[in-house]
Protein chains: 2
Amino acid sequence: MAKRSDATRGRLSREAIIVSAVALADSEGLEAVTIRRLAQEHGVTPMAMYWHFNDKDSLLDGLAEHLIEAVKLPEPSDADWDAQLRDILLAFLTVIRPHPALAGLALRRILAAESGLLIAERVLGLLRQAGYAAGRAAEVGTFLICSIVTLANADPVGGPHRTGEDLEQVFRVKRARLESLPPSRFPNVIAAAPALVTCREADDFFDLNVELLVQGVRGLPRG
Amino acid sequence: MAKRSDATRGRLSREAIIVSAVALADSEGLEAVTIRRLAQEHGVTPMAMYWHFNDKDSLLDGLAEHLIEAVKLPEPSDADWDAQLRDILLAFLTVIRPHPALAGLALRRILAAESGLLIAERVLGLLRQAGYAAGRAAEVGTFLICSIVTLANADPVGGPHRTGEDLEQVFRVKRARLESLPPSRFPNVIAAAPALVTCREADDFFDLNVELLVQGVRGLPRG
DNA sequence: ACCTGAACACCGTTCAAGT
DNA sequence: ACCTGAACACCGTTCAAGT
């Protein structure tokens with residue numbers, strides 16, 4: 001698609017590859033992120049990529065790290081631990097939500113990058129502050145991070161990104177299907193149909209469920 | 001690997017294909033589940049699969065449905081809504097936990113299958129009972145289901161399934177890496193290192209975090 | 001109804017070689 | 001240091017054909 005000159009003038013670089021990979025994942029989904037495809041976009045042979053990355057997996061490592069590094073952790077403060085925890089979770093969510101196709105990559109790579117370790121350290125610290133023992137803090141903290149990824153990943157339509165018009169149509173079809181279920185067996189699904197179909201688009205969905213997580217941490221025995 | 005006779009004597013069938021696909025995903029991960037690979041295991045041409053499934057995606061639909069159908073929903077009872085909700089979430093988790101590689105498939109397919117709609121109906125019903133309005137129930141319910149999938153998916157080592165010996169070694173290496181971080185910057189990560197590495201293996205991890213979700217539902221404003 | 005054969009356009013990756 | 005060329009073993013899928 002692009003000749004050598006416009007994607008990156010001059011040389012290929014890790015950074016340039018990662019940036020275009022993110023863009024590709026956003027527009028066409030993770031399965032479009034391909035060594036060969038990226039090479040083509042940079043006007044270069046597929047094998048050129050192997051000078052910059054050991055293999056595809058380390059490209060994905062790079063993508064995950066690139067995202068995690070963008071998280072702006074709020075400074076530690078005197079606020080209650082639950083307020084601080086919420087802010088950290090929201091800071092993480094803010095960064096990955098625009099990249100649902102890449103969210104899943106973070107799942108098993110948070111503790112791999114320095115920036116991810118910093119997030120983990122802060123979350124664990126607040127959980128200790130809340131009264132959790134180290135072991136429990138690890139279990140709960142792990143789950144909290146995974147949950148944020150899940151929220152970001154809960155993109156309405158998986159795979160290729162569709163645009164407005166298309167998306168509306170997909171929603172209409174899904175809603176109609178749910179609403180045509182037998183009312184005697186599925187009253188609650190039918191009542192919730194509009195929200196079930198579109199809720200992952202609303203900011204409300206994210207705020208509400210981050211709050212659910214924080215409330216859950218508050219409600220648990222600290223052992 | 002298998003000649004036509006032993007995988008399934010007689011004929012190929014949707015069921016037989018799905019069963020072997022589940023086994024394959026369990027032993028070698030989702031990326032090993034391939035039309036060609038499955039065909040080979042059944043001693044059949046890849047194209048034979050296309051008589052039983054429209055394409056690979058509908059094979060994956062079938063896998064997801066197969067799992068979801070196995071969920072044994074507890075009967076509605078007079079127990080508190082939160083106890084019932086916990087039991088439903090645990091019933092779902094029990095089924096998908098043995099198949100971490102397949103868990104992700106359920107994310108966007110629960111509302112596609114009849115059996116998934118039944119789970120959704122029950123969860124939504126209990127949330128209504130707890131005082132949630134239909135819209136909020138949809139938002140929270142969607143997240144709860146996604147979270148269970150996330151828990152099941154939070155398999156320690158992604159990809160190919162490793163066995164005991166190997167796994168221990170992986171754990172040792174990861175723990176050592178975390179414990180060798182600078183103590184001044186990562187005190188909590190270091191203290192939690194053993195649990196961070198192995199917690200996804202323990203039953204405790206799952207029970208604790210299901211409880212976190214239920215407590216979260218209790219702590220949220222019902223709007 | 002159920003399956004094969006040949007072909008197409010894709011993958012990731014290795015290895016040797018060029019500048 | 002950075003990239004190419006040719007090759008290998010894989011993918012999913014279509015289309016026409018066999019029984």
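Convention: sequence-line order gives letters A, B, ...; per-chain numbering from 1. Keep in mind that this is a model prediction, so the values were computed, not measured.
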Problem - Flag for B/H42-B/S20: side-chain donor and acceptor within less than 3.5 Å - result: yes
Handout entry: Where protein sits on nucleotides 13-19 of chain C, one letter per nucleotide: B base, S sugar-phosphate only, - none, heavy atoms under 4.0 Å
Key = BB-----
Handout entry: Among D/dC11, D/dC3, C/dG12, the one nearest A/L12 by side-chain distance
Key =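 The answer is D/dC3.
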Show me the donor-acceptor pairs within less than 3.5 Å that the side chains of residues 53-66 of chain B make with the rest of the protein, sequence neighbours left out.
unit_1 : atom_1 : unit_2 : atom_2 : d
B/D55  : OD1    : B/D57  : N      : 3.3
B/D55  : OD1    : B/S58  : N      : 3.1
B/K56  : NZ     : B/V33  : O      : 2.9
B/S58  : OG     : B/N54  : N      : 3.2
B/S58  : OG     : B/D55  : N      : 3.4
B/S58  : OG     : B/D55  : O      : 3.1
B/D61  : OD1    : B/R109 : NH1    : 2.4

Please state how far atom [atom1] in [X] lies from atom [atom2] in [N], giving the value in whole angstrom units.
{"X": "B/W51", "N": "C/dC2", "atom1": "CH2", "atom2": "C1'", "result": "6 Å"}
{"X": "B/R14", "N": "C/dC2", "atom1": "CZ", "atom2": "C1'", "result": "15 Å"}
{"X": "B/L59", "N": "D/dC11", "atom1": "CG", "atom2": "P", "result": "14 Å"}
{"X": "B/R37", "N": "D/dA9", "atom1": "CZ", "atom2": "C1'", "result": "14 Å"}

Handout entry: 4.5 Å side-chain heavy-atom contact, B/L178 and B/I190
Key =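 Counting from C-beta outward, B/L178 and B/I190 never come under 4.5 Å.
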Problem - pair B/L213-B/I148: side-chain heavy atoms closer than 4.5 Å - result: yes
Exercise for the section: Please measure how far the C1' atom in C/dA1 lies from the corresponding atom in D/dA17, and state the result in whole Å. Expected result: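 Each nucleotide's C1' atom is 15 Å from the other's.
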Completion exercise
Note on DNA chain D: ranges paired as stems (three or more Watson-Crick/G-U pairs in a row, both atom distances under 3.5 Å) are C:4-8 with D:12-16, C:12-16 with D:4-8
Problem - Partner set under side chain to side chain donor-acceptor pair (under 3.5 Å) for A/E69, not counting sequence neighbours - result: none
Exercise for the section: For B/R185, enumerate each residue passing the side chain to side chain donor-acceptor pair (under 3.5 Å) test, keeping only those at least two apart in sequence or located in another chain. Expected result: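 Applying side chain to side chain donor-acceptor pair (under 3.5 Å) to B/R185 gives A/E114.
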Handout entry: Residues which pass salt bridge (Lys or Arg N to Asp or Glu O under 4.0 Å) with A/D203, listed by chain and number, not counting sequence neighbours
Key = A/R97
Handout entry: Donor-acceptor under 3.5 Å (B/E121 side chain, A/N188 main chain)
Key =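 Yes; at least one donor-acceptor contact below 3.5 Å.
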Exercise for the section: For the pair B/E28 and B/R37, find out whether any cationic side-chain nitrogen is under 4.0 Å from an anionic carboxylate oxygen. Expected result: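 Looking at B/R37 together with B/E28, the answer is yes, because their closest N to O distance falls below 4.0 Å.
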Practice task
Would you indicate, yes or no, if C/dC10 has its OP1 or OP2 atom less than 4.0 angstrom from a side-chain nitrogen or oxygen of A/T34?
Solution key: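 No.
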Handout entry: OP1 or OP2 of D/dA1 under 4.0 Å from side-chain N/O of A/H52
Key = no
